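Values below: all heavy atoms of this structure, side chains included; hydrogens, waters and symmetry mates excluded. Nothing here was measured: the structure is a model prediction, and the numbers come from that model.
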Amino acid sequence: MRAARLGLGIALWVEHRVRDWIACGELVSLLEDWSAPYPGFHAYYYRDRHMSPATRAVLSFLRNASRSSIRSASEPYRS
């Protein structure tokens, strides 16, 4: 990300992490016509079957990460 912000290359990031940098002109969005929106992760599992502790941990992590990314969507990632 730092190289892209310095004009030394391009970067692929989710929009909500770089929205402010695009708005102020520090970054420029490329290939917008070919960029599909990304709705997030989807996990499919059998709720009524035994779930291993590892699977439970991954699902818990994804839920928490999803919630925190929604809360911090207005704050760009600082590298």
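- Under the 4.5 angstrom side-chain criterion for Ile, Leu, Val, Met, Phe, Trp and Tyr, V28 has no cluster partners at all.
- Contacts of E26 classified as side-chain hydrogen bond (donor to acceptor under 3.5 Å, both in side chains), with partners at least two apart in sequence or in another chain: R5.
- Among residues two or more places apart in sequence or in another chain, the side-chain hydrogen bond (donor to acceptor under 3.5 Å, both in side chains) test is passed with S52 by T55.
- I10 forms part of a hydrophobic cluster together with L30, L31, W34, judged by ILVMFWY side-chain heavy-atom separations under 4.5 Å.
- The list of salt bridge (Lys or Arg N to Asp or Glu O under 4.0 Å) pairs with a residue in residues 28-37, not counting sequence neighbours, is empty.
- Of all the heavy atoms in R17 and W21, the pair that sits closest is O-CZ3, 4.0 Å.
- For V58, the side chain to side chain contact (heavy atoms under 4.5 Å, CB included) partners are L62, not counting sequence neighbours.
- In this structure, the separation between CE on M1 and CG on L12 is 9.0 Å, given to the nearest 0.5 Å.
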